[in-house]
Amino acid sequence: AAVAAQELVDVLNAEFGPGHGRTMWGLKLLVQTLLRRGVWAEAEPLALELWKRRSSGDDPDAKSVKEARKALVYIYVLWGKQDKADEWASKLATSEIADLFINNQQWRAAVPYQRKYIAEIEAAEKPNAKRLSRARRLLAYVHEQSGQRDLALALLDGLSHEDLVSLANTFFEDKSWEPARRYGVALLERRRAAKKPILADIHAALRTLAYIEESMGRPKEAREWITQAPPVEHAGLVGFFVQDHHWEAAKRHALDALARARAAKAESPDTEEALRTALAHIYIEAGKPAEAREWGEPLVTKPPPAEKED
């Protein structure tokens, strides 16, 4: 493979010349291909050649030179040649190197660079609190992805509320339910412990945790979360299940929420009406129009009668 790669470079050199854009583009693609394959010994000479060509000339393109340097850091770190990696990394920002490994899902390789970046922020005369929290959030994410849950959880106290929300949402959107639940619980605890708790935010966290538990196949735990919120919030959870076509969970929670709404004398009648409509929709989707009519107007209406001819 190494011989074939070099032969291709020789063909490009002969056809277009060493400094031609097509030659540089072809060399770059070769390096990227070898990096994806993880064949470091084959990638190294081509990456060095790319860096030499990028950095030569009277006015080299700084971005291209940086990309070539990053490729060499990537090779040497994953090849286990840290001394050489440090040499090539010396002219790169620590955050750029951390992002390089994170973007390529090389989680363990990213950890020391992200930690170093955090240390650099902390060492500043006036550390930027927002930047520091974001860096810690990213490190927590990296630790979770590399199976280092305890290290991730140890960073929670250093996260702003905004970054804790972002971390929880990231796992939720990825449908990574276990970490989504962990950070959802942490978010709920923080919202409840606030000096001035905001009920709407607490209820939103409870709905999210109930949704997560259902997604993990734990309906009992889902109910334990959502029944800590008023019935109107329970109805909101039903709406999420309907929207996602989770019909079984939607029906179970709709019936449960309806019973709670009827038992709550102060609850708005709109909540009961919304739940009845939801149940009609759920039964229509289940192919049970008779049951649907018991709960409300059928959601599938008949076409209007044809007009009579004069």
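In this structure, Glu214 contributes its side chain and Ala210 its backbone to no donor-acceptor pair below 3.5 Å. Judged by distance alone, with hydrogens and angles left aside, the side-chain atoms of Asp256 form no donor-acceptor pair with the main-chain N or O of Arg252 at under 3.5 Å. Here the side chain of Gln114 pairs a donor or acceptor atom with the backbone of Ala135 at under 3.5 angstrom. Within the 3.5 Å criterion, the main-chain N or O of Glu273 finds a donor-acceptor partner in the side chain of Thr277. The backbone N or O of His253 sits nowhere less than 3.5 Å from a side-chain atom of Arg223 that would complete a donor-acceptor pair.
In this structure, Val185 and Trp225 have side chains that are in contact, with non-hydrogen atoms separated by less than 4.5 Å. With contacts defined as side-chain heavy-atom distances shorter than 4.5 Å, the pair Lys70/Ile97 does not qualify. No side-chain heavy atom of Tyr117 sits under 4.5 Å from any side-chain heavy atom of Leu139. With contacts defined as side-chain heavy-atom distances shorter than 4.5 Å, the pair Arg191/Val165 qualifies. The shortest side-chain heavy-atom distance between Arg182 and Glu144 falls under the 4.5 Å cut-off. Within the 4.5 Å cutoff, no side-chain heavy atoms of Arg136 are placed close to those of Ser133. Counting heavy atoms from C-beta outward, Tyr183 and Leu153 have side chains that approach closer than 4.5 Å. The shortest side-chain heavy-atom distance between Leu206 and Glu233 does not fall under the 4.5 Å cut-off.
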Verdict with reasoning, Glu272 to Leu258, per side-chain contact (heavy atoms from CB on, under 4.5 Å): CA-CA 6 Å; Glu272 183 175 343; Leu258 184 59; 3.3 Å; yes

Evaluation steps, side-chain contact (heavy atoms from CB on, under 4.5 Å), between Lys66 and Lys63: CA-CA 5 Å; Lys66 182 182 288 188; Lys63 183 179 179 180; 5.7 Å; no

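If you take CG on Leu155 and CG on Leu164, they are separated by 11.5 Å, rounding to the nearest 0.5 Å. The distance from atom CD of Glu67 to atom CZ of Arg54, rounded to the nearest 0.5 Å, is 6.5 Å. Rounded to the nearest 0.5 angstrom, Trp177 CH2 and Phe171 CZ are separated by 12.5 Å. With rounding to the nearest 0.5 Å, the separation of CH2 in Trp295 from CG in Leu255 is 5.5 Å.
Both Leu27 and Trp88 belong to a common hydrophobic cluster when Ile, Leu, Val, Met, Phe, Trp and Tyr are linked at side-chain heavy-atom distances under 4.5 angstrom. Under the 4.5 Å side-chain heavy-atom criterion for ILVMFWY residues, a single connected hydrophobic cluster contains both Leu30 and Ile75.
In summary, the aromatic rings of Tyr141 and Trp107 are positioned with their centroids under 6.0 Å apart. No close placement of the Phe241 and Trp247 rings is indicated, their centers lying 6.0 Å or farther apart.
A side-chain N or O of Tyr76 and one of Glu44 form a donor-acceptor pair less than 3.5 Å apart. Using modelled atom types, one finds a donor on one side chain and an acceptor on the other under 3.5 Å when comparing Gln148 with Ser146.
Across Gly236 and Arg207, no two heavy atoms sit closer than the pair C-CD, 4.2 Å.
Relative orientation of the Phe101 and Tyr74 rings is parallel, given thresholds of 30° and 60° on the angle between their planes.
Other residues sharing the hydrophobic cluster of Leu151, ordered by chain and number and joined by side-chain separations under 4.5 Å: none, the residue standing alone. Hydrophobic cluster membership of Ile198, counting Ile, Leu, Val, Met, Phe, Trp and Tyr whose side-chain heavy atoms lie under 4.5 Å apart directly or via other members: none, as it forms a cluster of its own.
Look at Arg149 and Glu178 and you find no salt bridge, because none of the NZ, NE, NH1 or NH2 atoms lies under 4.0 Å from a carboxylate O.
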